[in-house]
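Residue numbers run from 1 in the order of the sequence given.
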Amino acid sequence: GGDADLVLQGLATLSVRNLFVYAGKDQTIQNPRKRKGAPSIVLSMWEVVRKIDIMFPGQSAAVRADLLVLMIMNGNDYLPKIRGGGFASFFKAYQRVKSMPEFADKFFVDGAKRQFDWPFVYAFMTLVQKEVPELTPWYLAQQGRAGTQVHIEP
């Protein structure tokens, strides 16, 4: 299937090796006439999880949960996407936050406390704001806790 919910389920499932998700036609082809005949993209969720393991060693389960949050930000059948942004820009900002020493072992959701890690969310939203101007400082302030300050390098 090609539904985004299948990708969400695939990231949450570890035991199924033969789960493939149809991701649509290759959108990198610029000519609209050639795009009709463009090859389809099919994702092996097993391979996606393996790539996550390589990118974020020892953090795969928590990062997969974070990717679920990023995909939900990109919209689904129930929630609208954050305007002006897309998964690629969200994931780029996520990688930048994870590369910061103070957030290397942090995630959107603190699994032990079962709540959002607000400083991590604030750092992420601060970086996304640079790429998505629709996210105003007021919106970002609403996402963090009072008194929480995060230094973000440009």
Near Lys98 NZ, under 6.0 Å, is it more than 12 heavy atoms from other residues, nucleotides or ligands? yes
Atom of Val121, atom of Phe116 and distance for their closest heavy-atom approach: CG2-CD2, 4.0 Å
State, yes or no, whether a side-chain contact exists between Arg64 and Ser60 at a heavy-atom distance under 4.5 Å. yes
Any side-chain heavy-atom pair of Glu102 and Phe120 under 4.5 Å: no
Pairing donors with acceptors under 3.5 angstrom, does anything connect the side chains of Gln59 and Asp105? yes
Can you tell if the side chain of Phe91 reaches within under 4.5 Å of the side chain of Leu67, non-hydrogen atoms only? yes
Have a look at Val97 and tell me which of Val128, Asp66, Leu127 forms a side chain to side chain contact (heavy atoms under 4.5 Å, CB included) with it. Leu127
Could you state the interatomic distance from CD (Glu47) to CD1 (Ile52), rounded to the nearest 0.5 Å? 11.5 Å
Ring pair (Phe, Tyr, Trp, His ring centres under 6.0 Å) with Phe108: of Tyr122, Phe90, Trp118, Phe124, only one passes, and it is Phe124
Measure across Ala123 and Phe103 and return the closest heavy-atom pair with its distance rounded to 0.1 Å. CB-CE1, 3.6 Å
